[in-house]
Amino acid sequence: MREYLLTLCITAAVTYLLTGPVRKFAIVAGAMPEIRARDVHREPTPRLGGIAMFFGLCAGLLVADHLTNLSQVFETSNEPRALLSGAALIWLIGVLDDKFEIDALIKLGGQMIAAGVMVVQGLTILWLPIPGVGSVALSQGQGTLLTVALVVITINAVNFVDGLDGLAAGMVCIAAAAFFLYAYRIWYSYGVEAAAPATLFSAILMGMCLGFLPHNMHPARIFMGDSGSMLIGLVLAAGAISVTGQVDPDALNLYVGSEKEAVHQTVPVYIPLLLPLTIIAVPAADLILAIVRRTWRGQSPFAADRGHLHHRLLEIGHSHSRAVLIMYFWSALIAFGALAYSVNSASMWIVLGVVFLSAIGLLLLLLPRFTPRAPRWMERFVPPRYRRRGSVAALAPEASTPASAAAVSGVSGVSGVNGATAIGPRSRLTDRRKAGTR
């Protein structure tokens with residue numbers, strides 16, 4: 001565990017330290033596109049944050065290769081090299097897209113090629129655990145098609161959800177944390193060495209996201225762009241493929257009793273639809289809804305719009321930060337709920353806990369205008385938006401005019417703090433025709 005934590009910290013540190021210089025490079029290179037109708041930020045913001053994340057990935061793999069225990073992963077498996085090859089290709093395509101806005105079909109082709117590169121080097125699904133049946137071996141063609149499909153779906157699911165500051169990095173970090181705990185349990189508790197690459201990939205992915213998040217939280221100073229969102233999507237998919245296709249359920253028979261019971265242990269993370277998408281269920285649902293919505297309107301599935309889940313949260317009155325936290329909550333509930341169920345699927349307390357937390361999440365969705373207030377003795381130590389209005393005026397006597405008072409409270413021209421969004425004052429019923437959604 002210490003070596004995994006060291007790898008995570010090195011990856012996070014390299015990503016964090018490089019993001020500042022990368023931001024300056026993006027500004028000089030002109031990778032600051034104009035604000036589009038579907039965007040929620042107010043000012044042009046540089047992209048290319050994926051450059052820092054990619055070098056963080058390289059640093060994590062390099063450090064792991066020189067550690068005593070993790071170096072065995074590179075000696076016994078070609079999967080780290082396969083990941084690096086596919087990541088380099090998808091990262092290059094993302095950098096070109098961040099700078100030159102390449103066609104969506106070209107990006108799709110590049111995603112398939114990157115997945116094919118990993119398949120050629122051995123990172124592929126060899127069999128699937130089917131509940132009640134056991135492990136089902138796949139032919140080479142079936143394994144290749146399923147691997148490419150999983151990579152493409154995961155990349156685009158993460159890319160679609162990258163619409164608010166800190167949203168994609170935080171959600172992927174939550175998913176990676178849940179997957180790390182699951183893979184580490186298989187590797188350490190059951191002694192299955194084939195799960196070590198997936199554990200390493202998850203630790204590095206957490207480091208990439210944690211190192212980039214301080215620069216990307218609202219208000220973001222830099223965006224990861226497609227070079228970052230497609231990269232972390234590919235790394236997440238690689239970890240899922242590594243466990244799903246490489247860990248034989250028969251290897252768990254000595255510990256759980258039979259092959260069917262061993263497969264049952266893996267079901268909560270890999271199913272539904274034989275794909276490990278429960279850990280990114282929220283962006284996957286957003287992806288499916290976006291495709292259905294755009295196809296129904298006669299548009300291309302790759303046509304951008306402002307109908308994603310996080311945009312809906314802003315429209316009903318949630319602030320930018322609260323919308324991101326709500327998406328975090330649902331991602332953590334689904335990911336760690338599946339993780340808890342995989343540990344003890346017979347416990348009714350787990351089901352009741354998930355139901356209770358789901359009720360809390362629904363309550364948060366229905367209270368977009370509710371703003372928590374700090375106690376009076378803490379009001380001098382919290383941001384103005386958490387203070388009572390009378391306290392704001394008392395703490396800032398210079399705000400004698402309505403305009404200055406609004407500037408102090410940070411809600412210029414907006415009645416109700418949480419009615420303000422990242423694009424400024426907005427009525428409750430927004431005219432969405434300007435955003436290209438009709």
Side-chain angles (χ1 to χ4, degrees), residues 77-87 89-90 105 107-160 172 175-176 178-179 182-183 186 192 194-195 197-199 201-202 205 230-252 259-260 262-281 283-285 287-288 291 301 335 338 342:
S77 173
N78 198 44
E79 293 181 13
R81 300 174 185 85
L83 170 66
L84 186 59
S85 301
L89 179 58
I90 202 70
L105 292 179
K107 288 195 294 183
L108 179 62
Q111 295 168 8
M112 299 176 67
I113 294 174
V117 168
M118 293 195 301
V119 169
V120 170
Q121 299 189 56
L123 186 56
T124 182
I125 298 177
L126 302 177
W127 48 70
L128 281 177
I130 305 299
V133 177
S135 58
V136 177
L138 301 177
S139 64
Q140 183 176 1
Q142 293 172 338
T144 300
L145 290 176
L146 189 57
T147 302
V148 172
L150 176 59
V151 171
V152 171
I153 290 174
T154 307
I155 288 176
N156 286 282
V158 175
N159 193 21
F160 274 42
V172 171
F179 202 86
Y182 183 81
I186 294 179
V192 180
T199 311
F201 297 165
S202 300
L205 182 57
M230 292 197 300
L231 175 63
I232 61 178
L234 182 135
V235 178
L236 183 61
I241 292 169
S242 178
V243 174
T244 307
Q246 306 296 331
V247 177
D248 188 354
D250 291 337
L252 307 181
E259 180 179 352
K260 292 184 178 181
V263 172
H264 181 70
Q265 296 286 332
T266 63
V267 168
V269 179
Y270 306 133
I271 307 298
L273 301 180
L274 305 180
L275 297 175
L277 292 180
T278 54
I279 55 178
I280 53 168
L287 170 64
I288 295 173
I291 293 176
S342 68

Q.
Do Leu83 and Leu234 make a side-chain contact, defined as non-hydrogen atoms from C-beta onward lying under 4.5 Å apart?
A.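 The answer is yes, as the side chains (C-beta and beyond) meet within the 4.5 Å cut-off.
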
What's the separation between atom [atom1] in [X] and atom [atom2] in [Y], rounded to the nearest 0.5 Å?
| X | Y | atom1 | atom2 | result |
| --- | --- | --- | --- | --- |
| Lys107 | Ile155 | NZ | CD1 | 11.0 Å |
| Gln121 | Arg81 | CD | CZ | 9.0 Å |
| Leu108 | Asn156 | CG | CG | 6.5 Å |
| Ile153 | Gln111 | CD1 | CD | 11.0 Å |
| Gln142 | Thr147 | CD | OG1 | 11.0 Å |
| Leu205 | Leu231 | CG | CG | 8.5 Å |

Looking at every non-hydrogen atom in both residues, tell me the closest pair between [X] and [Y] and how far apart they are.
| X | Y | answer |
| --- | --- | --- |
| Phe179 | Ala198 | CE2-CB, 4.2 Å |
| Ser242 | Glu79 | OG-OE1, 2.6 Å |
| Ser202 | Ala176 | CB-O, 3.7 Å |
| Ala237 | Val151 | CB-CA, 4.0 Å |
| Thr154 | Gly233 | CG2-O, 3.4 Å |
| Thr124 | Thr144 | OG1-N, 4.2 Å |

